[in-house]
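Input: a single structure, listed below in structure tokens.
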Amino acid sequence: MIVLVRANTIGHVQVMMIVHVKTLIKRIPGVERVAQALGLAPDGERPWLLEMLPKDSVGAEIGVWKGDFSDRILKAVHPKQLHLIDPWRHQSSPVYKYAWYGGLAKNGQDEMDRHYAAVCTRFDPELRRDQVKIHRGFSMDVLRQFPDNFFDWVYIDGNHMYEYVKKDLDLSFRKTKAGGLVAGDDYVGGQWWKDGVKKAVDEFAKNQAVQLVELRDRQFVFRRK
Ligand SMILES: C[S@@+](CC[C@H](N)C(=O)[O-])C[C@H]1O[C@@H](n2cnc3c(N)ncnc32)[C@H](O)[C@@H]1O
């Protein structure tokens, strides 16, 4: 935004310099994600993934937080039904010191309750017309309540610890139709969740019933055969 305002009032050389500086900044590893977390940049990592999700489909997002990606799913995919699954439960264990729902949520459970309430308000129109369903609970418990072969796709972005991702993958596959997609975020090592997502995804890729169709921008996408 700042760049646009200034570009209206300054000359060509300055505009070129700003573009050059922006290009250099973009090359810093992880900078886009930090900018997104600070609300300074649109989520640039996942547009291709949104394009892979079929329109007018039935899908689920595991791990909703403030609903930013849910909102993008609604706008890009126009799902027939979107199930949002999140316990909005604060985790005080030291393991979660650097998690958004652990140590980074400075106001503990109050903060999580506020996020939940804000998501309900944010998607009120979609909730009223039954396009969005909010399930406040752990993915393991919520997913089990759906029939097998129910979803066209599931996006996994909840607890990134290995055992949780493994269970999310297993259950999501069972609940997704043949030909459907199971995707997720943060296929990357060296974070607070260690290599939890990578390990679970790499193991899962060996499953004969699935095809790994994309591994890009920290995202993974499997297709159920
Ligand atoms: C990184 S945030 C999700 C961000 C969101 N997908 C987005 O891109 O805007 C992780 C979320 O996972 C939720 N979560 C943690 N454990 C979970 C579990 N077992 N099942 C479902 N959600 C979980 C947390 O409450 C938190 O809101």
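The chain is numbered in sequence order, starting from 1. In each ligand, atom 1 is the first atom listed, and ligand 1 is the first ligand listed.
- Less than 4.0 angstrom separates some heavy atom of D86 from each of these atoms of ligand 1: 11 (C), 12 (O), 13 (C), 22 (N), 24 (C), 25 (O), 26 (C), 27 (O).
- For the side chain to side chain donor-acceptor pair (under 3.5 Å) with S139, the lone residue among D168, D86, N159 that qualifies is D168.
- Inclusion of S139 in the set of residues having an N or O under 3.5 Å from an N or O of ligand 1 is warranted.
- At a heavy-atom cutoff of 4.0 Å, ligand 1 is contacted by the side chain of E61 but not by its backbone.
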_With ring pair (Phe, Tyr, Trp, His ring centres under 6.0 Å) as the criterion, how do F69 and Y155 come out once you've worked through the C-alpha distance, each side chain's angles and the decisive distance to 0.1 Å?_
CA-CA 10 Å; F69 194 54; Y155 184 74; 4.8 Å; yes
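- Under 4.0 Å from ligand 1, not a single heavy atom of D185 appears.
- Residue contacts with ligand 1 include M112, since one of its heavy atoms falls under 4.0 Å from the ligand.
- We find the CG-NZ distance between L104 and K106 to be 6.0 Å, quoted to the nearest 0.5 Å.
- Of all the heavy atoms of Y101, the ones lying under 4.0 Å from any atom of ligand 1 belong exclusively to the side chain.
- The contact set between ligand 1 and R46, taken as ligand atoms under 4.0 Å from a residue heavy atom, comprises 8 (O).
- A salt bridge (charged side-chain N to carboxylate O under 4.0 Å, His left out) with D152 holds for exactly one of R224, K177, K55; it is K177.
- Distances from ligand 1 to the non-hydrogen atoms of K167 include no value under 4.0 Å.
- Residue nearest to atom 7 (C) of ligand 1, selected from W88, Y96, F69: F69 (by heavy-atom distance).
- Partner of Y101 under the ring pair (Phe, Tyr, Trp, His ring centres under 6.0 Å) criterion, out of W65, W88, F138, Y96: Y96 alone.
- Put simply, the side chain of D68 does not reach to within 4.5 Å of the side chain of R72, judged on heavy atoms.
- Under a 4.0 Å criterion applied to the non-hydrogen atoms of F138, ligand 1 contributes the atoms 18 (C), 19 (N), 20 (N).
- Using a 4.0 Å cut-off between heavy atoms, I62 contacts ligand 1 through its side chain alone, with no backbone atom that close.
- Y162 carries K199 over the face of its six-membered ring, with the cationic atom under 6.0 Å from the centre and within 45° of the normal.
- Close approach to W65 involves these atoms of ligand 1, each under 4.0 Å from a residue heavy atom: 2 (S), 3 (C), 4 (C), 27 (O).
- Below 30°, between 30° and 60°, or above 60°: for H83 and F151 the angle between ring planes is above 60°, a perpendicular geometry.
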